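Encoded as structure tokens, the structure appears first; notes follow it.
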2 protein chains.
Amino acid sequence: MSSAETAYAMSTKTKLRLWLRLLKVTRSVENDIREKLRVEFDSTLPRFDVLAALYQFPKGLRMSELSGLLKVSNGNVTGIVDRLVKDGLIIRTPVPGDRRALRVRLTKRGEEEFALQAAAHEQWIDDLLSDVSMNEAENMISSFDRILVELHGTKSEEA
Amino acid sequence: MSSAETAYAMSTKTKLRLWLRLLKVTRSVENDIREKLRVEFDSTLPRFDVLAALYQFPKGLRMSELSGLLKVSNGNVTGIVDRLVKDGLIIRTPVPGDRRALRVRLTKRGEEEFALQAAAHEQWIDDLLSDVSMNEAENMISSFDRILVELHGTKSEEA
DNA sequence: CAAAAATATTTTAAGCTTGAAATATAATAA
DNA sequence: TTATTATATTTCAAGCTTAAAATATTTTTG
């Protein structure tokens with residue numbers, strides 16, 4: 001094996017290790033947040049994600065915009081939206097001029113409820129990552145931003 | 001607002017940003033791997049995770065050891081194991097001396113099949129993270145290791 | 001205009017996930 | 001020994017997730 005091959009193999013193993021750590025950290029934090037949403041707000045992570053997306057778009061989003069933003073399937077969003085509508089946190093309204101489409105937006109109650117959840121969520125994350133220094137966080141953020149460009153770049157090159 | 005409060009708020013926002021990037025990268029890679037497992041091996045991430053755990057323990061694991069290792073619920077593992085058994089990749093054997101317990105291990109076929117999947121998986125990760133330098137990867141790994149200590153430390157202190 | 005293609009959304013089938021309840025067995029205590 | 005408590009696992013109900021099929025509507029094309 002040449003030294004180039006050796007270096008390549010090392011890098012492969014290191015990347016695999018990186019991925020496994022990334023996964024472990026993410027799952028650990030996710031499990032924590034999931035549990036807290038369940039206990040403190042009787043809610044779930046997918047519901048939180050939908051509310052968070054709609055909170056950013058007060059005028060609402062079409063179902064397809066919502067699923068595109070969250071990077072989940074259309075059919076998936078349908079079910080979550082159904083339940084949020086039933087709970088009175090969001091509403092579906094027709095889109096004038098296109099009878100196929102529906103716009104979804106937060107109700108007053110949904111907005112108030114999400115504001116509470118978002119504040120708690122921010123604090124949970126601050127606590128969970130309390131050990132991370134500002135400097136370290138910023139370094140990781142820029143690493144991730146470059147990785148994300150690569151991940152999406154690869155994808156769009158394929159298309 | 002004092003300058004201490006300002007710094008605190010900045011750090012909170014930075015950590016939230018870090019968490020959102022972490023989540024985005026992880027989900028993006030996961031979606032990619034999930035798709036590849038589906039197309040190339042007609043399998044899923046949870047199945048891969050179970051096989052990977054069993055591959056490390058040739059003598060097998062009890063159901064509860066398996067769910068503990070994977071950090072998922074007991075009932076969850078039951079279903080995944082059911083399907084893997086049906087596909088002939090793993091087997092359940094009784095534990096001598098304890099008729100409540102079952103040990104699960106890979107079959108010959110399961111071992112061979114997982115070896116193929118693991119090799120492909122390693123390559124997929126290498127490709128997806130091709131933009132990450134060795135140095136960067138190692139820095140992130142040590143950051144994550146410290147974060148993981150914190151995450152688990154917090155948990156065990158609570159208990 | 002009428003047929004065909006495209007778009008927006010929902011439904012469906014199968015699998016994943018959880019917490020809680022149910023079973024079965026084992027260990028402990030009275 | 002028998003009742004109680006603990007442990008190992010499965011079952012259950014509810015919700016999340018996907019890809020593919022089905023509906024409904026709009027746009028494009030012939």
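All of these numbers come straight from a predicted model, not from anything done at the bench. In the text below, chain A, chain B and the rest are named by the order of the sequence lines, each starting its count at 1.
Within a heavy-atom distance below 4.0 Å of DNA chain D, the residues of residues 43-52 of chain A found are Thr44(A), Pro46(A), Arg47(A).
Donor-acceptor pairing under 3.5 Å is recorded for the side chains of Gln123(B) and Asp127(B).
Between Glu150(A) and Arg146(A), no side-chain nitrogen of the basic residue sits less than 4.0 Å from a carboxylate oxygen of the acidic one, so the salt-bridge criterion is not met. A salt bridge between Arg38(A) and Glu35(A) is present, with a side-chain N of the basic residue lying under 4.0 Å from a carboxylate O of the acidic one. A salt bridge links Asp87(A) with Arg47(A); the closest basic N to acidic carboxylate O contact falls under 4.0 Å.
Atoms CG and NZ, from Asp49(A) and Lys71(A) in turn, are 12.0 Å apart once rounded to the nearest 0.5 Å. Taken to the nearest 0.5 Å, the CG atom of Leu18(A) stands 9.0 Å off from the OG atom of Ser143(A). To the nearest 0.5 Å, atom CD1 of residue Ile141(B) and atom OG1 of residue Thr14(A) are 6.0 Å apart.
The phosphate of dT17(C) has neither OP1 nor OP2 within less than 4.0 Å of any side-chain N or O from Ser73(B).
Atom CG of Leu37(A) is separated from atom P of dG15(D) by 16 Å (rounded to the nearest Å). Across the protein-nucleic acid pair, Ile80(A) atom CD1 and dA14(D) atom C1' stand 13 Å apart, rounded to whole Å. Across the protein-nucleic acid pair, Asp42(A) atom CG and dA14(D) atom C1' stand 12 Å apart, rounded to whole Å. Rounded to whole Å, atom P of dT18(D) lies 16 Å from atom CD1 of Ile33(B). Taking atom CG of Asp32(A) as the reference point, atom C1' of dT18(C) lies 15 Å away to the nearest angstrom. Rounded to an integer number of Å, the gap from Asn31(A) CG to dC16(C) C1' is 14 Å. In this structure, Lys86(B) atom NZ and dG15(C) atom C1' are separated by 11 Å, rounded to whole Å. Between the CG atom of Leu70(A) and the C1' atom of dT18(D) there is a distance of 15 Å, given to the nearest Å.
Counting only distance, with no hydrogens or angles, the side chain of Thr107(A) and the backbone of Gly88(A) share a donor-acceptor pair below 3.5 Å. The closest donor-acceptor contact from the side chain of Glu136(A) to the backbone of Ser133(A) lies under 3.5 Å. Formation of a donor-acceptor pair under 3.5 Å by the Ser67(A) side chain with backbone atoms of Ser64(A) is found in this model.
Here Phe41(A) pairs with nothing under the ring pair (Phe, Tyr, Trp, His ring centres under 6.0 Å) rule; sequence neighbours left out.
The salt bridge (charged side-chain N to carboxylate O under 4.0 Å, His left out) analysis of residues 57-68 of chain B, with sequence neighbours excluded, yields the pairs Arg62(B)-Asp98(B).
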Quick one: which protein N/O atoms are closer than 3.5 Å to N/O atoms of nucleotides 10-12 of chain C? Pair and distance per line, please.
{"residue": "dT10(C)", "atom": "OP1", "partner": "Arg92(A)", "partner atom": "NH1", "Å": "3.0"}
{"residue": "dT10(C)", "atom": "OP2", "partner": "Thr78(A)", "partner atom": "OG1", "Å": "2.9"}

Please write out each protein N/O paired with an N/O of nucleotides 24-26 of chain D under 3.5 Å, distance rounded to 0.1 Å.
{"residue": "dT26(D)", "atom": "OP1", "partner": "Arg99(A)", "partner atom": "N", "Å": "2.8"}
{"residue": "dT26(D)", "atom": "OP2", "partner": "Arg99(A)", "partner atom": "NH2", "Å": "3.4"}

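At the heavy-atom level, Val95(A) lies nowhere under 4.0 Å from the strands shown. When heavy atoms are screened at a 4.0 angstrom cut-off, Glu35(A) is found touching the sugar-phosphate backbone but no base atom. Using a 4.0 Å heavy-atom criterion, one finds that Arg38(A) contacts the sugar-phosphate atoms exclusively.
Smallest separation of non-hydrogen atoms from Ile90(A) and Val104(A): CD1-CG1, 3.6 Å.
Asp82(A) pairs with exactly one of Thr78(A), Ile80(A), Val85(A) by the side-chain contact (heavy atoms from CB on, under 4.5 Å) rule, that one being Thr78(A).
Comparing the local axis fitted to the first five base pairs of the helix from dC1(C)-dG30(D) to dA30(C)-dT1(D) with the one fitted to its last five gives a bend of 10°, rounded to 10°.
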